[in-house]
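Notes for the one structure printed next.
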Amino acid sequence: MANTVISDLVDGECIISAALLDADGFTIERTSNEFKPKAMMAIMDLNPNSSIITVVNEDNTVVISRMQSGHSIVIQSPNGGNLGKARMNLSKACTAILPFL
């Protein structure tokens, strides 16, 4: 069921790929083989008190949300996409996936 929550995040409009990581940063589920979410965990480690971090780069925006269980969901949004909608969907997914972890 966790894989369904992750795959349902991708809408092609505001979220182009998503991944679920365990507490150690290993990928459990991802929607694209080209998406390398593990590299983003180093950024989360720089600010361990934050539950959500947004990284904007030339090609896209990556949002990482750490959950109470230690797992994280990472999403990738296109530049110019609706980042507010992406963050809202990410928040809903973090709540929906907790019973399956």
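Worth knowing before you read on, the calculation uses all heavy atoms, side chains too, and leaves out hydrogens, waters and symmetry mates.
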Closest approach of R66 to S50 (non-hydrogen atoms, all atoms of both residues)
NH1-O, 4.1 Å

Give a yes or no answer on whether the side chain of D11 reaches the backbone of E13 with a donor-acceptor pair at less than 3.5 Å.
yes

For E29, give me all partners under salt bridge (Lys or Arg N to Asp or Glu O under 4.0 Å), at least two apart in sequence or on another chain.
none

Given side-chain contact (heavy atoms from CB on, under 4.5 Å), test I53 with L46 step by step and report yes or no.
CA-CA 11 Å; I53 293 181; L46 293 174; over 6 Å; no

Before you tell me yes or no, could you show the steps for T54 and L83 under side-chain contact (heavy atoms from CB on, under 4.5 Å), namely the whole-Å CA-CA distance, both residues' side-chain angles and the distance that decides it to 0.1 Å?
CA-CA 10 Å; T54 304; L83 192 56; 4.3 Å; yes

Is there a continuous path of hydrophobic side-chain contacts, each under 4.5 Å between heavy atoms, that joins I28 to I73?
yes

Do L21 and I64 have side chains that get closer than 4.5 Å, going by heavy atoms?
no

Would a hydrophobic clustering, with Ile, Leu, Val, Met, Phe, Trp and Tyr connected at side-chain separations under 4.5 Å, put M88 with M67?
no

If you take all heavy atoms of L9 and N89, which pair is closest and at what distance?
CD2-O, 3.5 Å

So if you build clusters from Ile, Leu, Val, Met, Phe, Trp, Tyr with side-chain heavy-atom gaps below 4.5 Å, do I75 and V56 land together?
no

Say whether, by atom type as modelled, one donor and one acceptor occur between the side chain of T31 and the main chain of S17 under 3.5 angstrom.
no

Measuring from D59:CG to N79:CG, what's the distance to the nearest 0.5 Å?
7.0 Å

Identify the residue among V10, I16, I15 that makes a side chain to side chain contact (heavy atoms under 4.5 Å, CB included) with Q76.
I16

Please name the pair of heavy atoms, one in S77 and one in N60, separated by the smallest distance, quoted to 0.1 Å.
O-CB, 3.1 Å

